[in-house]
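Inspection log for the structure reproduced underneath, given as structure tokens.
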Amino acid sequence: MNILILNSGSSSLKFQLINTSVERIERNTDARLAHGVIERIGGMAIITMQAEGKPPVRLTEPIRDARAAVEYVIRWICSDNAEIETVKSVADIHAAGHRVVHGGEKFTRSVLITEEVLRGIEDCIELAPLHNPANIKGIVAAREVFGKGLPQVAVFDTAFHQTLPEHAYLYALPYQLYRRHRIRRYGFHGTSHRYVAYRYRQIRKLRREQVNIITLHLGNGCSAAALRGGDSVDTSMGLTPLEGLVMGTRSGDFDPAIIDFLSAKEGLSAQEVESLVNKQSGLLGISGLTNDMRELLDEARENGDRRANLAIEIFCYRVRKYIGSYLAAMNGADAIVFTGGIGENSAEIREKICGGLSWLGVELDAESNLRQTGGREGVISTDDSRLAAYVIPTNEELLIARDTVRVVEHVPQRF
Ligand code: ADP
């Protein structure tokens, strides 16, 4: 089946076209046919698209809204320009899979999108006011363009973490606030944590129940997850993606009393404080330079910039603290797994994180650690390391494509 994966943001649309099937999933032979992104929707949009094995196409064109963006993508995929051999008309696209950020407590797995599901996603808007409306726009646009006959599947960032036990997802706030407003830890990046856990299971040839690991998604957004018996039992992001690790521009954990203190001292509104902790903090806030880890590492290496070094140090220290606390929470693990742009590519950051974990039994193999970059998958710890360490590049789009097939074909959703 040719599956169109859509990730619809507030002013962007990312897409991938993936050929997969139940047999292909089993044999791990899914094939990406094309991918791309349309940015600055609503004005002069910047469009980047590429069919596999062909040169990328880059152009600017006015694109009015989400529907126009979806139409544009489909028209290009089916056109002779794209040169995708197996796709010549809309009938060659067999299903669509949508990334949806928040599924609340309602969605614990990927589902076929019906009117009721759409209402359910709308109900979760109050939990993700920036993301869910954009995701819904993408779904509605695809329905309009494809018609109701095409199966469409929603895959939620939160779903994988719905196995968290009560003691891990409840905050120590008055319980009625949870009842009244559903305030609790939901966690995000679920598709990524689930994908790398699945690859880990394949590499180690384990059954799902034997997977006891800590997964670290370190990208622009960062989160850690504790997986026990294959289930997510704790994760660092909370009601929103702000909590937990230090990120590109998000602070991660901090004393919530700072919010009031800040607004009094700096005369900021609640909205301004929210923007400050989400968009001007993290690596960017500490360094005063950039939210981009690669640039920070260069700056630290080439100019010895003190605050670049400090940002890197605080980032790694926070990750170490989470690894330690999850090992306690889950009574030990077999491995830690690095993924996301930073986790997959930076041997230096992995070394800084694991360097402080020798008491816990993590011994990195310097050579393997250096080798495991740019999409390579493998172990980076020594043979006798008590706690193993792996690098496993994530592929959220592939998991969305696979779940779409599983939902359409009524086969169980495995991780
Ligand atoms: P997103 O969360 O937006 O998907 P990515 O997972 O691509 O982002 O991660 C982006 C981060 O990965 C950036 O901070 C970038 O600097 C970092 N990164 C990418 N390659 C490297 C590298 N070779 N060394 C260090 N950091 C890297």
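We're numbering straight along the sequence, starting at 1. Values in this document were obtained by computation on a predicted structure and should not be read as measured data. Read the numbers this way: they start at 1 and go in the same order the structure lists the ligands and their atoms.
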For the CZ atom on F254, are there more than 12 heavy atoms of other groups (residues, nucleotides or ligands in this structure) within a distance under 6.0 Å?
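Yes, enclosed.
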Is the number of heavy atoms from other residues, nucleotides or ligands under 6.0 Å of N28 CG greater than 12?
yes
Minimum non-hydrogen distance to [atom], winning option of [options]:
atom	options	value
atom 19 (C) of ligand 1	G341, G343, G221	G341
atom 14 (O) of ligand 1	H189, E295, H217, M293	M293
atom 16 (O) of ligand 1	T339, D292, I349	D292

Tell me: protein heavy atom nearest [atom], and distance?
atom	value
atom 25 (C) of ligand 1	S346 CB, 3.6 Å
atom 23 (N) of ligand 1	N345 CB, 3.4 Å
atom 17 (C) of ligand 1	I342 CG1, 3.6 Å

Atoms in ligand 1 flagged as close to N220, the criterion being non-hydrogen separation under 4.0 Å:
1 (P), 2 (O), 3 (O), 8 (O), 9 (O), 10 (C)
Go through ligand 1 atom by atom and flag the ones less than 4.0 Å from a non-hydrogen atom of L297.
25 (C)
Any non-hydrogen protein atom below 4.0 Å of atom 4 (O) of ligand 1?
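There is no protein heavy atom less than 4.0 Å from atom 4 (O) of ligand 1.
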Summary of ring pair (Phe, Tyr, Trp, His ring centres under 6.0 Å) pairs that have at least one residue in residues 357-405, sequence neighbours excluded:
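Only Y200-Y390 qualify under ring pair (Phe, Tyr, Trp, His ring centres under 6.0 Å).
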Test item: side-chain donor near acceptor, S281 and S251, under 3.5 Å
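No pair is found: no donor N or O on one side chain lies under 3.5 Å from an acceptor on the other.
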Are a donor atom and an acceptor atom from the side chains of T163 and D231 found within less than 3.5 Å of each other?
no
Is it the case that ligand 1 has an N or O less than 3.5 angstrom from some N or O of R294?
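N/O-N/O distance under 3.5 Å: yes.
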Indicate the ring-plane relationship of H217 and H189, choosing parallel, tilted or perpendicular according to the 30° and 60° boundaries.
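Rings of H217 and H189: parallel, under 30°.
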Do R32 and E397 sit within salt-bridge range, that is, some charged N less than 4.0 Å from a carboxylate O?
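No, this pair does not count.
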